[in-house]
Amino acid sequence: MADDVGADQLAIIRIEGMHCHKCETTIQKALLQHPGVHEVEVDFNSGQASVLYDHSSVTVNQLMQ
């Protein structure tokens with residue numbers, strides 16, 4: 001985790017097509033591979049991912065892809 005996350009932004013991303021709880025883990029691992037992503041929580045029940053990220057390293061569009 002980065003030392004200074006005070007300037008980070010939080011993105012809530014709607015995820016369609018999750019069929020099981022294993023999808024949560026798969027999506028979380030994929031999002032954490034992006035540079036600048038510091039924390040990810042994926043919730044199967046709500047169909048959303050919460051991503052704490054450095055907006056100078058990665059964009060929301062990149063995260064959504």
Side-chain angles (χ1 to χ4, degrees):
M1 166 128 24
D3 293 333
D4 180 21
V5 294
D8 283 357
Q9 293 189 354
L10 177 66
I12 307 296
I13 301 171
R14 178 96 179 122
I15 300 172
E16 296 182 18
M18 282 196 287
H19 301 288
C20 64
H21 290 284
K22 185 175 179 185
C23 294
E24 288 177 337
T25 304
T26 302
I27 293 167
Q28 182 177 24
K29 286 179 182 178
L31 287 168
L32 284 169
Q33 290 182 355
H34 286 279
V37 172
H38 299 130
E39 189 174 322
V40 176
E41 287 186 27
V42 180
D43 183 58
F44 170 74
N45 293 321
S46 69
Q48 294 182 339
S50 302
V51 184
L52 186 64
Y53 70 101
D54 176 355
H55 65 91
S56 66
S57 299
V58 65
T59 67
V60 173
N61 286 337
Q62 289 171 317
L63 296 172
M64 291 175 61
Q65 292 177 1

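- One finds the NE2 atom of His55 at 13.0 Å from the CG atom of Leu10 (value rounded to the nearest 0.5 Å).
- Note: Gln9 CD to His38 NE2 = 12.0 Å, rounded to the nearest 0.5 Å.
- Between the side chain of Glu41 and the backbone N or O of Ser50, no donor-acceptor pair lies under 3.5 Å.
- Sorted by first and then second residue, the side-chain hydrogen bond (donor to acceptor under 3.5 Å, both in side chains) pairs involving residues 11-25 (not counting sequence neighbours) form an empty list.
- Ile12 and Met64 fall into different hydrophobic clusters, where Ile, Leu, Val, Met, Phe, Trp and Tyr are joined by side-chain heavy atoms under 4.5 Å apart, directly or via other members.
- Clustering ILVMFWY residues whenever any of their side-chain heavy atoms sit less than 4.5 angstrom apart, transitively, puts Ile15 in the very cluster that holds Phe44.
- Here the straight-line distance linking atom CD1 of Ile27 with atom CD1 of Ile13 works out to 10.0 Å at 0.5 Å rounding.
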Verdict with supporting geometry, Val60 and Tyr53, side chain to side chain contact (heavy atoms under 4.5 Å, CB included):
CA-CA 9 Å; Val60 173; Tyr53 70 101; 3.1 Å; yes
Side chain to side chain contact (heavy atoms under 4.5 Å, CB included) between Met18 and Val42, worked out:
CA-CA 10 Å; Met18 282 196 287; Val42 180; 3.9 Å; yes
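- Of all non-hydrogen atoms in Asp54 and Asp8, the two that sit nearest each other are CA-OD1, 3.6 Å.
- The minimum heavy-atom distance between Gly36 and Ser57, with the atom names listed, is CA-CB, 3.7 Å.
- In terms of hydrophobic clustering, with Ile, Leu, Val, Met, Phe, Trp and Tyr side chains grouped at heavy-atom distances under 4.5 Å, Val58 and Leu31 are assigned to a common cluster.
- Thr59 meets the side-chain hydrogen bond (donor to acceptor under 3.5 Å, both in side chains) test with Gln62; sequence neighbours excluded.
- With sequence neighbours left out, the side-chain hydrogen bond (donor to acceptor under 3.5 Å, both in side chains) criterion links Ser46 to Asp43.
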